[in-house]
Engineer: 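Structure incoming, see below.
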Amino acid sequence: MGKDTFYITTPIYYVNDKPHIGHAYTTILADVLARFHRLLGDPTFFMTGTDEHGQKVEKAAAEKGIPPQQQADETVIRFQELWQKLDITFDRFIRTTMPFHKKVVQEALQDLYDRGLIYKAEYEGWYCVPDERFCTERDLVDGKCPDCGREVTRIVESNYFFKMSQFQDWLIDYIKSHPEFIQPAFRANETLGFLKKPLNDLCISRPKSRLSWGIELPFDRDYVCYVWFDALINYISGVGYRQDDEQFKKWWPASYHLIGKDILTTHTVYWPTMLKAMNLEMPKTIFAHGWWLIGKDKMSKSRGNVVNPMDMAEKYGVDAFRYFLLAEMTMGNDASFSEDAFILRYNSDLANDLGNLLSRVLKMTLRNGGTVPQPGEYSAEENELFAALHNAISATESSIKEMRLETGIAAILEAVRAGNRYLEKTAPWTLLKQGNTEKLNTVLYVCAELLRNVSVLLYPVMPEKMGDLREAIGLERELDVNIRDLTRGGNVMTGKVMKDREPLFMRIMVEKENAQPKAAKAKVKEEKKVEEAPLISIDKFFKTKLKTAKVLTAEKVPDSTKLLRLEIDLGGETRQIVSGIAEHYTPESLIGKTIVVVANLAPAKIRGVDSYGMLLAAKSGKTLRLVTLDGDVPPGVQVG
Ligand code: MSP
């Protein structure tokens, strides 16, 4: 093929309902791949959009008593807002109700009709209304729709058919001779299995008397076009087909159509035969990913377990959500989503491994003057760390080619962990004390270089956070490097000035609101342990900075019975803390009180709210009382 352009698509989503985590996953995946290819220097075009015609949308509109166009106009905003929130860098957003698209579909239909590839015939058979699909007697499974398992309806009507059957042998050969065409390979086998039965012609019309929300057939005004025939054409109408030959030639054939496994037949049977009939090239790869299950269950409205991606991004941050979806799913297979799994991965990969590496390197460099030094000679431990880094770079590149992004991410995190181990081994804090400047400079330089590389490799996945990280280590937020050049970067970091910052990923504390008896028992044990804890020195005690603070505002944390969010005055500095005292104090009763807080506690996220300290209280059974002061003391005074 020899093209170095990269054109990637997502399915266009139905506007019958708001987006869910499945939509978010495919779109984030496409965005990350598009960003990687831009970083590799490939001219890239990324298209997503909405599928606005057909029964599903007409039905959703009818239920609300609004016209289908209004249903589409109102719902498309939910998708566009979500993509903006999730930092999706599409080049084009296509809606199938756009006039240019409708024109292209009509022209394509007319052309196929003129060439005898579409004909009219009487159809009598089974029809699945929710799937908008005709089924032959032998397609049915226990008398039900083979796709969704729902009831089918008997219908008799005249319709238009696309001569799909005549392309069956060609398609089988094409799939067999192009192993990259349908991926993963087991999905190609699934399609070949489907093609073992004789392929029927495809009904591409719906009589307006039954469904009017669609593109009118140019050769018969009593019919509209079948929604899938209309929708699939978006992949070419969106890049200039029948409008701008130069643009079309530049981008078509697409590099990747990303789809979910449930829309495999439409993409690997209908679409290739349509393209063949139109004398167009095949897309290079149709990649079908698995499904997000909720725990072990299918996600569905009736089960009430639909995950709203907007809520996740708002609660935990956009980049962490993007990271989780990509790191957690083995591309091609199903994956299980749960908030617990999210928190686990967030805390271990992001807050602990990556977050800690950055804060340690920042702290040490700042203690050493703040500027990244010139390194000395490398020894085995530096070489070992660079080997982990080079492995992360090549694993990232091959993970893109092989469509196994999770393996690249795992290798990057492995390099981050190697960085933390390297710091523990070389102990720069001791080197500083000992005045071993040469080794200290080497350690700080090597770690800065590791962080720079990580910021590039993870940039497509977490663009904002990697921008923050880059700023902290003295680089421009935006990338100025091609991934391929990373290994030949030379010394970029010496002389860069680091800036201190709050933790890149605040640890998520899990509130024990619904604590199980088991957890309660563990707590009792823990308390016992504390009683038996060894004595500590006064120095150790003073490491905890206790200060007086005045409560300025207090309010309940939404959706929590235990938590209050307080704003406190720490003597000129206002801070937010979150505290589990809502069952013991009303917000109003706290305002104006002078309390005691731990002022140097690492920040944490509690129920999605950042907390920068902890107040002191004593609890006995069900009673909890705040530690206060025996008289007037201004805020910000040290206690102890
Ligand atoms: N409009 C058609 C696509 C036309 S493309 C020319 C459509 N739309 S959809 O909104 O119903 O679904 C879009 C995508 O969401 C599909 O790829 C589907 O696989 C995906 N998902 C739906 N539920 C999903 C999960 N639970 N997990 C992951 N993806 C899932 O089909």
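Reckoned from all heavy atoms, side chains included, excluding hydrogens, waters and symmetry mates. For reference, positions follow the sequence shown, starting with 1.
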Engineer: For the pair Glu573 and Lys547, find out whether any cationic side-chain nitrogen is under 4.0 Å from an anionic carboxylate oxygen.
Structural biologist: no
Engineer: For Leu440, which of Thr442, Leu444, Asn436 qualifies under side-chain contact (heavy atoms from CB on, under 4.5 Å)?
Structural biologist: Leu444
Engineer: Would you call Lys301-Asp17 a salt bridge at under 4.0 Å N-O?
Structural biologist: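 Salt bridge present between Lys301 and Asp17.
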Engineer: What pair of heavy atoms forms the shortest contact from Ile595 to Ile568, and how long is it?
Structural biologist: CD1-CG2, 4.4 Å
Engineer: Is it the case that more than 12 heavy atoms not belonging to Lys298 sit under 6.0 Å from its NZ atom?
Structural biologist: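 Incorrect, the count does not exceed 12.
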Engineer: Output yes when a side-chain donor or acceptor of Thr10 lies under 3.5 Å from a complementary backbone atom of Thr48, and no otherwise.
Structural biologist: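 Looks like no, no N/O pair under 3.5 Å.
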Engineer: If you count every heavy atom of other residues, nucleotides or ligands that lies below 6.0 Å from Glu424 atom CD, does the total exceed 12?
Structural biologist: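 Atom CD in Glu424 is crowded, with more than 12 foreign heavy atoms closer than 6.0 Å.
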Engineer: Kindly indicate, with the supporting measurements, whether the criterion side-chain hydrogen bond (donor to acceptor under 3.5 Å, both in side chains) is fulfilled by Tyr316 and Glu339.
Structural biologist: CA-CA 10 Å; Tyr316 297 113; Glu339 218 158 314; 2.7 Å; yes
Engineer: I need the minimum non-hydrogen distance between Met498 and Leu366, along with the two atoms involved.
Structural biologist: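 Where Met498 meets Leu366 most closely, the heavy atoms are O-CD2, 3.6 Å.
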Engineer: Is a side-chain donor-acceptor pair under 3.5 Å present for Tyr422 with Glu382?
Structural biologist: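 Their side chains do contain a donor-acceptor pair, which is all the 3.5 Å distance test asks for.
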Engineer: Between Asn420, Asp349, Ile412, Val454, which is the residue that forms a side-chain contact (heavy atoms from CB on, under 4.5 Å) with Leu354?
Structural biologist: Val454
Engineer: With the threshold set at 4.0 Å, does a side-chain nitrogen-carboxylate oxygen contact exist between Asp91 and Arg38?
Structural biologist: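 A salt bridge links Asp91 with Arg38.
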Engineer: Around atom CZ of Arg92, are there more than 12 heavy atoms from other residues, nucleotides or ligands closer than 6.0 Å?
Structural biologist: yes
Engineer: To the nearest 0.5 Å, what is the distance between CG (Leu451) and CG (Leu389)?
Structural biologist: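 One finds 10.5 Å between CG of Leu451 and CG of Leu389.
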Engineer: Could you tell me whether a side-chain N or O of Thr548 sits under 3.5 Å from a main-chain N or O of Pro634, the two making a donor and an acceptor?
Structural biologist: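 Confirmed, Thr548 side chain pairs with Pro634 backbone.
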Engineer: Just verifying a value: how many Å separate Glu471 CD and Arg477 CZ, rounded to the nearest 0.5 Å?
Structural biologist: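 Between Glu471 CD and Arg477 CZ, I get 4.5 Å after rounding to 0.5 Å.
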Engineer: I'd like to know whether NZ of Lys363 has more than 12 heavy-atom contacts from other residues, nucleotides or ligands below 6.0 angstrom.
Structural biologist: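 Open: at most 12 neighbouring heavy atoms sit under 6.0 Å from NZ of Lys363.
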Engineer: Side chains of Thr89 and Asp31: any donor to acceptor distance under 3.5 Å?
Structural biologist: yes
Engineer: Does atom NZ of Lys18 have more than 12 heavy-atom neighbours, drawn from other residues, nucleotides or ligands, at distances under 6.0 Å?
Structural biologist: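 No - once you tally the heavy atoms of other residues, nucleotides and ligands closer than 6.0 Å, there are 12 at most.
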Engineer: How far apart are the closest heavy atoms of Pro463 and Arg322, and which atoms are they?
Structural biologist: CD-NE, 3.9 Å
Engineer: Provide the closest heavy-atom pair for Tyr612 versus Arg575 in the form atom of the first, atom of the second, distance.
Structural biologist: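 Where Tyr612 meets Arg575 most closely, the heavy atoms are O-NH1, 2.9 Å.
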Engineer: Quick one: do the Thr586 and Ser589 side chains pair a donor with an acceptor below 3.5 Å?
Structural biologist: yes
Engineer: Run the numbers on Gln80 and Gln84 for side-chain hydrogen bond (donor to acceptor under 3.5 Å, both in side chains), then give the verdict.
Structural biologist: CA-CA 6 Å; Gln80 288 168 335; Gln84 192 176 6; over 6 Å; no
Engineer: Kindly state whether the ring of Phe79 and the ring of Tyr13 have centres lying under 6.0 angstrom apart.
Structural biologist: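 Between Phe79 and Tyr13, the centre distance is under 6.0 Å.
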Engineer: Check each of Trp291, Phe324, Tyr25, Phe342 against Phe337 using the ring-ring contact (aromatic ring centres under 6.0 Å, His included) test, and report the only one that passes.
Structural biologist: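 The option that passes is Phe324.
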Engineer: Looking at Arg303, is its backbone amide N or carbonyl O close enough to the side chain of Ser300 to form a donor-acceptor pair, meaning the two atoms are under 3.5 Å apart?
Structural biologist: yes
Engineer: Show, in sequence, the C-alpha distance, side-chain angles and deciding distance for Thr430 and Gln434, and conclude whether the side-chain hydrogen bond (donor to acceptor under 3.5 Å, both in side chains) test is met.
Structural biologist: CA-CA 6 Å; Thr430 315; Gln434 292 167 342; 5.9 Å; no
Engineer: Between Phe505 and Tyr346, what is the ring plane arrangement, given parallel below 30°, perpendicular above 60°, and tilted in between?
Structural biologist: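 Geometry flag for Tyr346 against Phe505: perpendicular rings.
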Engineer: Is Glu328 salt-bridged to Arg345, cutoff N-O under 4.0 Å?
Structural biologist: yes
Engineer: Would you say the side chain of Ser338 lies within less than 4.5 Å of the side chain of Ile294, judging by non-hydrogen atoms?
Structural biologist: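 When only atoms from C-beta onward are counted, Ser338 and Ile294 do not touch, as no gap falls below 4.5 Å.
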Engineer: Answer yes or no: is there an ion pair linking Lys315 with Asp559, defined by an N-O contact shorter than 4.0 Å?
Structural biologist: no
Engineer: Could you give me the CA-CA distance, side-chain angles and deciding distance for Arg421 and Glu414, then say whether salt bridge (charged side-chain N to carboxylate O under 4.0 Å, His left out) is met?
Structural biologist: CA-CA 10 Å; Arg421 284 196 300 273; Glu414 204 28 68; 3.6 Å; yes
Engineer: For atom NZ of Lys64, is the number of surrounding heavy atoms from other residues, nucleotides or ligands below 6.0 Å larger than 12?
Structural biologist: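 Counting other residues, nucleotides and ligands, NZ of Lys64 exceeds 12 neighbours.
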Engineer: With a 6.0 Å cut-off (strictly less than), is the heavy-atom count around NZ of Lys605, excluding the residue itself, greater than 12?
Structural biologist: yes
Engineer: Could you please spell out the steps behind the side-chain hydrogen bond (donor to acceptor under 3.5 Å, both in side chains) verdict for Ser560 and Arg607?
Structural biologist: CA-CA 8 Å; Ser560 167; Arg607 275 278 169 121; 4.8 Å; no
Engineer: Closest approach of Asp610 and Gln576, non-hydrogen atoms and distance?
Structural biologist: O-NE2, 2.7 Å
Engineer: How many angstroms lie between CD in Glu502 and CG in Asp500, if you round to the nearest 0.5 Å?
Structural biologist: 10.0 Å
Engineer: Mind listing the closest non-hydrogen atom pair of Ser399 and Thr407 along with its distance?
Structural biologist: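 Between these two residues, the closest heavy atoms are CB-OG1, 3.4 Å.
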